[in-house]
Amino acid sequence: MSGRVLCIEDDPDICRALRVVLSRAGFEVLVSTDGEDGVRTFHDERPALVLLDVGLPGIDGWAVLERIREVSDVPVLMLTARGLETDKVRGLQGGADDYVTKPFGNQELVARVHALMRRSEGAGRVDEVLDDGVLRIDPAQRLGAVGGRPVELTPTEFRLVSTLARHHGQVLTSEQLLEHAWHDPTGIGPDRVKFAVLRLRRKLGWDDLATSPIEAVRGVGYRYRRPGGR
Ligand code: CA
């Protein structure tokens, strides 16, 4: 497996180690040592995966993650400090795919990078246009629109809303959504679905739970309510 990996990390020793370990594993390695440069390099180089340190000079890893998630579903592996379990939760809430705790073992790191790459390469698509009068989804162009207003969605968000809308009226469990929208849900928990739905609702302007077409069914999953009926 090959591909381009962007490491955003300010510790020179860790950067050196990442470069050695990942190039030995066959990856092309790009390194940024601060957050601003990391975001820039991400946009310029479109890496297949990002390794992201939390504590960075300038804008921190959380802000970098947020900027990346506005435009991309690229797998992001967070590098967190030992003992900061809250970082793990915060990372997953922000849309990170996985995390490793520093200091990490080389084999563990490479195994996780491979797993995330496989997961993202396996992600597929459905290709029929869906239009229910409020929501329009065009898989060929990967475009979404609400009430005629275009919405920029990441591939996962796109698959998530497509899956919900194509099964309108039906309650889908987190496991089913993981299966459809993530394709290889190995190692991803239902919390990921919850956070992804929250982000999706926000993007679509469907935050208001009283009127949101994406309804949470407590203890079961989610249901898309088609306008004017179920
Ligand atoms: Ca750091």
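Atoms within a ligand are numbered from 1 in the order they appear, just like the ligands themselves. For the numbers below, each heavy atom of this structure counts, side chains included, while hydrogens, waters and symmetry mates do not.
- Met78 has its side chain out of reach of Leu51: every pair of non-hydrogen atoms, C-beta onward, lies at least 4.5 Å apart.
- Counting only heavy atoms from C-beta outward, the side chains of Lys102 and Asp53 approach each other to under 4.5 Å.
- Side-chain contact between Ile14 and Leu18 is present, with at least one heavy-atom pair separated by less than 4.5 Å.
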Requested in this report: Take Phe27 and Ser23 through the side-chain contact (heavy atoms from CB on, under 4.5 Å) test and state the conclusion after the steps.
Outcome: CA-CA 5 Å; Phe27 296 103; Ser23 27; over 6 Å; no
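- Legend: protein N/O/S atoms lying under 3.0 Å from the Ca ion (ligand 1), waters omitted, number 3.
- Between Glu28 and Val5 the shortest side-chain heavy-atom distance does not fall below 4.5 Å.
- Of the N and O atoms on the side chains of Ser32 and Asp37, at least one donor lies less than 3.5 Å from an acceptor on the other residue.
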